[in-house]
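Here the structure comes first, spelled out in structure tokens, and everything after it is commentary.
FYI, the numbering just counts along the sequence from 1. Just so you know, these numbers use all the heavy atoms, side chains as well, and skip hydrogens, waters and symmetry mates. From a predicted model like this one, the values you see are computed outputs, not experimental measurements.
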Amino acid sequence: MATSEAGKGRFEGPVLGTPGDLPDRPERRGRFVVHVVIAILCAVTAGGWGYVMWAAKGETEVIRQIIAFDVGRSDSAQITFEVIKPSDRAAVCRLRAMDVGHAEVGSRELDIPAGEGYLRLTERLETSAQATSADVEYCYLV
């Protein structure tokens, strides 16, 4: 013999009860203060991260633009590029050539002397294998 309501037939109510069956939630104090502290921490973290990114990659003062590259030879790659920099400062640019798997097959650093602010250069890189692309990895002032 079943003495529960489930044993008597279909139960016509919610399994876990109704909201009126549950006790009231206790009052919480200080919730607003916790949210303000979290918001301040997020703002400080975002501001710090923004400053780090700005300081690391901010205004580099050297603009480089690849015009063309020729990878027709198996032992070298030719790259034509432009550099815009302050005319009173020297710069260093790193050129690199890569193969079909994006592995570096040739590179060199190029010293650009002070004197001209705009330069269009054509350089040849010696490669250890057939290159499929060439680019200017970076330029910075010295």
Side-chain angles (χ1 to χ4, degrees), residues 1-72 74 76-142:
M1 287 190 136
T3 58
S4 70
E5 291 181 9
K8 295 179 185 175
R10 187 173 182 100
F11 180 67
E12 296 293 332
V15 175
L16 298 176
T18 62
D21 295 339
L22 302 174
D24 289 337
R25 184 180 287 189
E27 269 191 49
R28 290 183 156 175
R29 298 194 187 272
R31 235 178 178 183
F32 179 74
V33 174
V34 170
H35 286 111
V36 168
V37 169
I38 290 171
I40 289 171
L41 287 174
C42 289
V44 168
T45 302
W49 184 252
Y51 176 76
V52 167
M53 291 293 104
W54 174 77
K57 282 291 206 187
E59 191 63 41
T60 61
E61 299 181 26
V62 178
I63 300 170
R64 70 224 186 248
Q65 174 80 33
I66 298 172
I67 304 300
F69 62 86
D70 178 18
V71 291
S74 63
S76 67
Q78 183 173 316
I79 182 169
T80 302
F81 62 100
E82 296 175 338
V83 175
I84 302 170
K85 64 175 186 58
S87 58
D88 61 337
R89 304 270 308 265
V92 174
C93 293
R94 183 172 191 272
L95 311 176
R96 68 178 174 176
M98 292 169 289
D99 67 3
V100 71
H102 302 287
E104 189 174 283
V105 293
S107 69
R108 82 174 179 163
E109 286 196 344
L110 178 67
D111 294 322
I112 300 173
E116 290 187 47
Y118 171 81
L119 295 164
R120 179 176 257 185
L121 303 166
T122 300
E123 296 292 324
R124 183 170 299 280
L125 290 171
E126 299 298 322
T127 60
S128 60
Q130 177 68 46
T132 58
S133 68
D135 70 344
V136 181
E137 186 176 5
Y138 60 77
C139 288
Y140 61 87
L141 297 175
V142 289

Worksheet item: salt bridge (Lys or Arg N to Asp or Glu O under 4.0 Å) with R31: which residues, sequence neighbours excluded?
Response: none
Worksheet item: So which pairs with a foot in residues 13-23 pass salt bridge (charged side-chain N to carboxylate O under 4.0 Å, His left out), sequence neighbours left out?
Response: none
Item to complete: List in chain and number order the residues that pass salt bridge (Lys or Arg N to Asp or Glu O under 4.0 Å) with E126, two or more places apart in sequence or in another chain; answer none if no residue qualifies.
Response: none
Worksheet entry | Sequence neighbours excluded, every pair satisfying ring pair (Phe, Tyr, Trp, His ring centres under 6.0 Å) that has a member inside residues 80-135 | none
Item to complete: For T122, enumerate each residue passing the side-chain hydrogen bond (donor to acceptor under 3.5 Å, both in side chains) test, keeping only those at least two apart in sequence or located in another chain.
Response: T80
Fill in: Heavy-atom donor-acceptor pair, K85 side chain to E116 backbone, under 3.5 Å
yes
Worksheet item: What residues form a side-chain hydrogen bond (donor to acceptor under 3.5 Å, both in side chains) with S133, not counting sequence neighbours?
Response: none
Worksheet item: What residue pairs, at least two apart or across chains, pass salt bridge (charged side-chain N to carboxylate O under 4.0 Å, His left out) with a residue in residues 40-53?
Response: none
Discussion item. Checking R94 now: which residues fulfil side chain to side chain contact (heavy atoms under 4.5 Å, CB included) with it, not counting sequence neighbours?
Written reply: R96, E104, S107, E109, E137, Y138
Practice prompt. Can you run down the side chain to side chain donor-acceptor pair (under 3.5 Å) pairs that involve residues 39-53, sequence neighbours left out, and say none if there aren't any?
Written response: none
Worksheet item: Mind checking whether D135 and M98 have side chains closer than 4.5 Å, heavy atoms only?
Response: yes
Discussion item. According to salt bridge (charged side-chain N to carboxylate O under 4.0 Å, His left out), does anything in residues 35-54 pair up with another residue at least two apart or in another chain? List the pairs.
Written reply: none
Worksheet item: Mind checking whether L110 and L121 have side chains closer than 4.5 Å, heavy atoms only?
Response: yes
Practice prompt. Using side chain to side chain contact (heavy atoms under 4.5 Å, CB included) as the criterion, list what pairs up with V36, not counting sequence neighbours.
Written response: F32, I40
Worksheet item: Any disulfide bond (SG atoms under 2.5 Å apart) pairs touching residues 79-135, not counting sequence neighbours?
Response: C93-C139
Worksheet entry | Q130 (side chain) donor-acceptor with V71 (main chain) under 3.5 angstrom | yes
Worksheet item: How many angstroms lie between atom CD of E123 and atom CG of L95, to the nearest 0.5 angstrom?
Response: 6.5 Å
